[in-house]
Amino acid sequence: MTPQPQAAVGAPLTRVDARLKVTGQARYAADFDADGLVHAVVVDSGIGLGRITSVDTAAALALPGVLTVLTHLNAPRLPYGPNPGMATPPGERLHVLEDDRVRFHGQPVAVVVATTLETARHAARLVRVEYDAEPPSTDLSTATDDTPVTYERGDAERALRSADVRLELTYRTARQHHNAMEPHATVARWDDGRLTVWQKTQWIHGAQSELAAVFGLPEDAVRVVSPFVGGAFGNASRIWPQGVMASLAAREVGRPVKLVLSRRQLYFGTGYRPGYEYQVRLGSDGQGRLTAMTHVMRAETSRYETFQDDILSIGQMLYDVPAVTQDWRTVPLDVSTPTFMRGPGGATAAYAVESAMDELACELGLDPIELRLRNEPDRDPTSGLPFSTRRLRQCYATGARAFGWHPRDPKPRSTRDGDWLIGTGMATGAHPSWSVTSLAHVRLDADGTAVVQSATSDMGPGTYTVMTQVAADALGLPVSAVRFELGDSTMPPPVGHGGSMTTPSVGSAVQDGCAKLRREAVELAVKDEESPLFGAAADDVVVADGRLYVRDEPARGETYRSLLARSGRDRLEADGEYVPAGLPFSTHSYSVTFAEVAVDARLGLVRVRRMLGVYDVGRVINPKLAVSQAIGGMIGGIGQALLEHTVTDHRDGRIVNANLADYLVPVNADIPDLKAIYLEGEDDKVARIGAKGLGEVVHVGVAPALANAVFHATGRRIRELPITADALL
Amino acid sequence: MTTESASRIPPPAEETAPSSDVTLTVNGKLHSLRVDNRTSLLDLLREHLGLTGSKTGCNAGACGACTVLVDGRRVNSCLTLAVRLEGAEVTTVEGLADGDELHPLQQAFIDLDAAQCGFCTPGQIMSGVGCIREGHTGSGEEIREWMSGNICRCGCYVNIVRAVGQTAGRI
């Protein structure tokens with residue numbers, strides 16, 4: 001078929017849902033109401049490990065308006081059936097209110113249901129729980145680890161022994177909580193044994209299958225609705241206990257229940273980026289050609305599930321190193337299970353590897369970009385496969401020019417501005433470009449407008465807008481004539497909304513459905529004697545602005561509306577499908593981040609002065625939204641590098657800074673002007689649509705760019721995140 | 001401003017929780033209500049008046065997602081008890097536009113892509129309106145300082161500062 005004119009794809013269009021968001025009309029989970037709605041509040045355990053010996057709910061139940069208090073003593077046991085499709089970590093998910101065991105501090109031990117939120121909150125404070133407490137093990141640095149996951153190519157030990165330069169370095173990263181602005185929330189309602197939940201989730205059908213498995217229901221007896229997600233960053237990719245508790249409470253009291261976790265409760269049992277210890281050894285020849293790299297990693301996980309993020313890719317594929325070993329151990333602790341957080345694994349590995357590369361560049365007296373260019377592979381050193389596209393050389397050149405990287409005095413502590421020490425740093429990032437089977441549905445109505453559906457999500461990147469653009473071009477309609485709908489399990493299932501997979505996978509499914517529908521309309525027209533297109537070759541017909549016409553004969557054509565009206569059709573429909581081709585290529589998105597920081601020589605304060613990200617992510621569907629995402633990724637990386645740190649009191653496993661006043665995230669005053677450049681181009685090996693995905697990679701490599709800049713400014717190499725003032729004094 | 005006597009909310013918790021009568025104006029509409037003394041302005045808006053634009057982000061005054069204007073000043077509605085608002089005029093994000101005509105700051109947020117997930121956006125916009133009224137918009141640095149009570153986890157700060165600055169220059 002003749003390629004469609006591209007009017008919307010690639011254009012910096014405004015978000016189609018922006019008006020709803022600026023007027024307060026966008027409805028997030030907790031904004032939903034239902035007739036007879038009542039409120040639930042969770043009671044958390046006050047110990048970090050042990051058993052519940054008694055629960056006294058009398059005072060809570062005595063409050064007028066309290067409907068029930070559910071605990072392990074009175075809650076019905078739920079089936080908790082297997083749900084292999086959910087791809088939860090090995091182990092068994094937490095069963096809440098099922099037994100007297102406390103596995104981590106803050107584990108839900110009761111849920112109070114009352115007619116008003118105020119009463120439910122008050123009653124939750126009146127529930128008296130007694131425990132038989134044991135000392136929990138929560139310290140990664142002292143606990144025992146699991147059997148390792150290993151990787152090996154070449155003889156790293158021999159290569160290290162004969163290397164001209166050897167470095168052995170250990171880095172540590174703090175546990176980070178996602179702290180999306182929207183707390184986890186569920187509104188649950190039962191109708192004749194069927195469950196509807198308005199629930200914060202990044203994976204509509206994952207939430208549906210999980211609730212069905214937990215309650216022993218067929219999947220179609222559960223409906224999940226989530227039109228807006230108030231940020232998630234990986235944190236809503238699985239169901240946490242509040243979804244189960246809200247549904248259970250609604251069933252028990254026979255009324256719809258709203259359950260919104262408090263900010264504090266989000267730190268207990270709803271996932272986090274695990275803290276890591278990451279030891280790197282590098283071997284290189286005198287010219288900076290890497291000969292060996294070894295990685296030993298230890299990461300937090302819970303005792304009931306073994307969580308693993310993608311910590312291995314960066315160490316394997318970023319550089320052309322002949323000999324590599326990896327030894328990765330999870331460390332089971334008396335904590336809740338970690339989960340994916342933006343740039344999962346990659347952001348941690350890049351901090352260690354890209355800091356180590358900077359240390360090597362210093363050791364060799366080489367420019368950090370030159371060192372990376374000398375180790376740039378031509379094929380994926382892990383698989384031997386060619387890269388689909390890998391334009392890091394272009395990223396380095398573009399970024400160095402735009403940032404003004406050269407000339408740079410490599411000497412640390414060489415630039416000063418009053419009390420401030422000024423330094424620059426850079427780092428590279430990569431993220432695997434995955435795509436997964438996804439479905440969509442397209443309907444074109446007689447009025448010439450289209451509705452496109454797929455049960456994906458939009459946690460902020462702009463799924464609504466991007467899919468509208470893809471559909472508009474594939475159908476040949478103006479953007480204003482296309483409505484994209486998402487967030488309802490009655491819609492066709494796509495991949496979960498994470499891993500930078502949405503645009504490649506769902507976008508390709510949307511494009512497929514729209515192309516099929518357009519093809520059907522064209523076939524209809526060219527076979528219709530009354531159509532101006534009668535007899536034309538279908539392959540020569542394109543559609544733009546709702547009008548079908550012969551490409552080289554633009555006057556010959558007609559609109560969708562006239563075609564449908566004449567043929568007596570009130571609509572055309574098509575199903576879109578995307579199945580990954582599984583081509584033999586190594587597929588990744590790439591980033592290079594540049595940073596300039598100022599460090600107060602006397603106080604150790606670090607201020608970010610400017611940053612630039614340069615990205616190779618294949619086709620960019622909407623450059624305006626892509627730049628916003630990149631800036632957001634950089635800000636997330638500033639948090640990881642300089643501010644964010646979940647602090648646990650190892651005596652009882654309590655998180656001591658479980659609030660937004662003590663867990664520091666970047667605020668407006670922390671952020672200077674940030675810039676992003678996307679290389680033009682596309683990658684047709686990842687997915688039909690040419691996009692490689694960008695939400696993750698914009699976060700990967702930000703923290704080491706900042707850490708390297710801090711070193712350049714101060715001469716102090718801080719090998720632990722976050723880099724706080726006390727470490728620099 | 002309309003002066004209709006608005007919906008009378010049934011007393012919560014079966015009359016037993018300490019409660020008070022309060023009359024206040026929300027987005028130009030007068031409400032005479034009996035409220036549980038523990039009810040925050042935020043929960044009054046969200047759970048009783050059906051105005052869910054203001055968001056519960058932390059319920060502790062640390063994130064700004066609940067920011068509204070009370071008598072023209074920006075406040076964290078999660079920390080403001082509803083019973084203290086006798087005679088007050090409250091403006092939420094739902095009351096900012098003039099019919100279909102958006103407030104210039106709302107339009108600037110759209111044009112400059114100052115919202116991603118959108119959850120903090122109502123609070124950002126109400127705080128931005130307050131910031132502009134207070135005159136704390138002399139420079140990007142000043143805006144950044146005076147908008148730092150509103151956290152945006154998606155990281156829209158660069159565009160938020162532009163939107164506030166551009167709007168301040170225009171109104």
Side-chain angles (χ1 to χ4, degrees), chain A residues 14-15 17-28 30-31 33 63-65 114-119 121-122 178-183 228-233 260 262-263 458-462 624-625 627-629 631-636 659-661 665-669 671 673-674, chain B residues 12-17 36 38-39 43 46-47 50-63 65 92-94 96-97 102 105-107 109-111 113-122 125 140-141 143-145 147-161:
Chain A
T14 296
R15 276 170 210 268
D17 51 343
R19 192 178 175 99
L20 291 176
K21 287 176 174 172
V22 303
T23 55
Q25 303 305 310
R27 296 183 83 191
Y28 303 81
D31 300 341
D33 200 0
L63 273 189
T115 51
T116 71
L117 181 56
E118 293 79 7
T119 301
R121 280 193 194 125
H122 184 197
H178 305 66
N179 274 304
M181 295 313 295
E182 182 195 16
F228 288 95
V229 177
F233 316 106
V260 184
S262 69
R263 177 60 54 182
D458 189 346
M459 60 177 154
K624 184 176 184 173
L625 274 51
V627 167
S628 290
Q629 274 235 75
I631 289 173
M634 283 186 250
I635 293 174
N659 63 76
L660 283 173
V665 300
V667 299
N668 212 320
I671 304 304
D673 207 15
L674 307 173
Chain B
E14 282 77 31
E15 296 265 24
T16 55
D36 186 319
R38 299 167 296 189
T39 305
D43 290 336
R46 291 183 51 80
E47 304 298 340
L51 294 170
T52 54
S54 307
K55 303 301 184 202
T56 312
C58 71
N59 225 23
C63 80
T92 73
V93 74
E94 290 95 338
L96 204 52
L102 294 180
L105 187 58
Q106 289 174 310
Q107 190 59 50
F109 264 63
I110 295 177
D111 296 341
D113 204 40
Q116 291 184 41
C117 81
F119 194 84
C120 75
T121 309
I125 289 175
E141 198 180 352
I143 295 172
R144 283 193 276 274
E145 190 67 29
M147 288 297 291
S148 279
N150 292 80
I151 296 172
C152 171
R153 195 61 168 145
C154 297
C156 299
Y157 296 131
V158 172
N159 293 344
I160 289 169
V161 170

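Below, chain A is the first sequence line, B the second, and so on; all start at residue 1. Just so you know, these numbers come straight off a predicted model, no measurement behind them.
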Determine whether [X] and [Y] make a side-chain contact, defined as any pair of heavy atoms from C-beta on separated by less than 4.5 Å.
X: Leu102(B); Y: Arg19(A); value: yes
X: Asn668(A); Y: Ile160(B); value: yes
X: Lys21(A); Y: Gln116(B); value: no
X: Thr14(A); Y: Asp113(B); value: no
X: Met181(A); Y: Ile151(B); value: yes

Exercise for the section: Examine whether an atom of Asn150(B) lies under 4.5 Å from a heavy atom of chain A, and if so say whether it belongs to the side chain, the backbone or both; otherwise answer neither. Expected result: neither

Exercise for the section: Please look at Leu105(B) and chain A and tell me whether the side chain, the backbone, both or neither of the residue comes under 4.5 angstrom of a heavy atom of that chain. Expected result: neither

Using non-hydrogen atoms only, which part of [X] is less than 4.5 Å away from chain B: side chain, backbone, both, or neither?
X: Asn179(A); result: both
X: Leu117(A); result: side chain
X: Ser262(A); result: neither

Donor-acceptor under 3.5 Å ([X] side chain, [Y] main chain):
X: Arg263(A); Y: Gly57(B); result: yes
X: Arg38(B); Y: His122(A); result: no
X: Tyr157(B); Y: Pro666(A); result: yes
X: Lys55(B); Y: Asp31(A); result: no
X: Arg153(B); Y: Phe233(A); result: no

Problem - Residues which pass salt bridge (Lys or Arg N to Asp or Glu O under 4.0 Å) with Arg121(A), listed by chain and number, not counting sequence neighbours - result: Asp43(B)

